[in-house]
Protein chains: 2
Amino acid sequence: MSVANTAVSSQVGPPASNGPCGDDHCGIRDVLDRLGDRWTVLVIVELSKGVRRFRELERAIPGISQRMLTLTTKRLCRDGLVQRTAYPTIPPQVDYRLTPMGRSLAEMVNALADWSRDHMDAMADARADWDAEQEVPQHSPR
Amino acid sequence: MSVANTAVSSQVGPPASNGPCGDDHCGIRDVLDRLGDRWTVLVIVELSKGVRRFRELERAIPGISQRMLTLTTKRLCRDGLVQRTAYPTIPPQVDYRLTPMGRSLAEMVNALADWSRDHMDAMADARADWDAEQEVPQHSPR
DNA sequence: CTGCATCCCACGAGATACTG
DNA sequence: CAGTATCTCGTGGGATGCAG
């Protein structure tokens, strides 16, 4: 797929149904703001593997706090990406699963993860290179 | 396009097994941390349209400050996603362009933007729905 | 087990001023 | 024009404790 100088794919704003902000980045921010935080993506990835209970998520995502897990899942529910089901048992039991929309987002995220895996070495390399170039108060690069 | 498993859509749920990358979330974080901040994505999108000078970027991205533009472009350069070219003229002139790797990332970002446009209405709807449900001590929404 | 509230700190990011 | 340096502030997010 040639993407060379022609931007990517849908740079051209659809004339009718879209183009609220004159600029190109209409609703991108909306999604990116969700994906931007530290945990949302990880929760989505985990839930893409199947239904999970609260504690299961917590254990599956090392480092997340209850607070953050609660907030994250709540936001995802609010956005219609995750469905929460609570059983009025004792002790209480709640499980979370992706909605169809959530699953389609998960696909995107996974594509990104794929890309990430494919390029992370190149990025690390470039970074090291750049760092070295900036860091030479003395000379003799090696 | 990718290397390994694509599409998480198949809700594989190996019993007590982990997903694509063992247990950790590979380098997703690495990429997401970049995409997470407020401006990186917008800069990438803008640069996906072609070579841009510093001021051009600044004007093209309403709301960004010089500081943030400098930091963002610098990070992108460091990661090998953007190439910076400075001409020792007076006044100084610098331009930025995506590297091949940067362009491939731009494709991903654009796919995400695409998805976003496709689903933002559904998300807004779900959000309103959820909000209403939480906010109504009384019922009969008349 | 789930979830919410509070305190608190670190960091992203805006505004402004200055250099080359 | 391009970039750096400071100061400040809002907020994301960790730790802890309480409640259903």
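Chain letters run A, B, ... following the sequence lines, proteins first and then strands; every chain starts at 1.
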inquiry  = What's B:Y87 touching, base or sugar-phosphate or nothing? Going by heavy atoms closer than 4.0 Å.
reply    = nothing

note = Against the side chain of A:D37, the closest entry in D:dA2, C:dC4, D:dG13 is D:dG13

inquiry  = Among D:dA2, C:dT2, C:dC4, which nucleotide has an atom closest to any side-chain atom of A:V94?
reply    = C:dT2

query = Starting at CG of B:L71 and ending at P of C:dA13, how long is that distance when rounded to a whole Å?
reply = 9 Å

query = What integer distance in Å separates A:R59:CZ from C:dC1:C1'?
reply = 10 Å

message = Rounding to an integer number of Å, can you tell me how far B:L69 CG sits from D:dT4 P?
response = 11 Å

Any pair counted as ring-ring contact (aromatic ring centres under 6.0 Å, His included), so long as it reaches residues 66-116 of chain B, sequence neighbours left out = B:W115-B:H119

I'd like a table of donor-acceptor pairs (distance under 3.5 Å, sequence neighbours excluded) in which one partner is a side-chain atom from residues 63-71 of chain A, with atom names and distances.
| residue | atom | partner | partner atom | Å |
| --- | --- | --- | --- | --- |
| A:S65 | OG | A:M68 | N | 3.3 |
| A:Q66 | NE2 | A:E58 | OE2 | 3.2 |
| A:T70 | OG1 | A:Q66 | O | 2.9 |

query = Do the non-hydrogen side-chain atoms of B:D37 and B:R75 ever get within less than 4.5 Å of each other?
reply = yes

request  = Produce a footprint string for nucleotides 14-20 of chain C: one letter per nucleotide, 5' end first; B if the base is under 4.0 Å from any protein heavy atom, S if only the sugar-phosphate is, - if neither.
outcome  = BB----B

ask   = Are A:D114 and A:N110 side-chain neighbours, meaning at least one heavy-atom pair lies under 4.5 Å?
value = no

Counterpart residues, side chain to side chain donor-acceptor pair (under 3.5 Å), relative to B:R127 (two or more places apart) = A:D79

query = Atom CD1 of B:I61 to atom C1' of C:dA13: distance rounded to whole Å?
reply = 15 Å

key: Partners meeting side chain to side chain donor-acceptor pair (under 3.5 Å) with A:D125 (sequence neighbours left out)   = none

remark   = side-chain contact (heavy atoms from CB on, under 4.5 Å) filter on A:A86, not counting sequence neighbours, yields A:R84, A:V94

inquiry  = In this structure, how many angstroms lie between the C1' atom of D:dA2 and the CZ atom of B:R52, rounded?
reply    = 18 Å

ask   = To the nearest Å, how far apart are A:E58 CD and D:dG13 P?
value = 16 Å

inquiry  = In whole Å, I'd like the distance from the OH atom of B:Y96 to the C1' atom of D:dC1.
reply    = 11 Å

note = Atom CG of B:L57 and atom C1' of D:dA2 are separated, to the nearest Å, by 12 Å

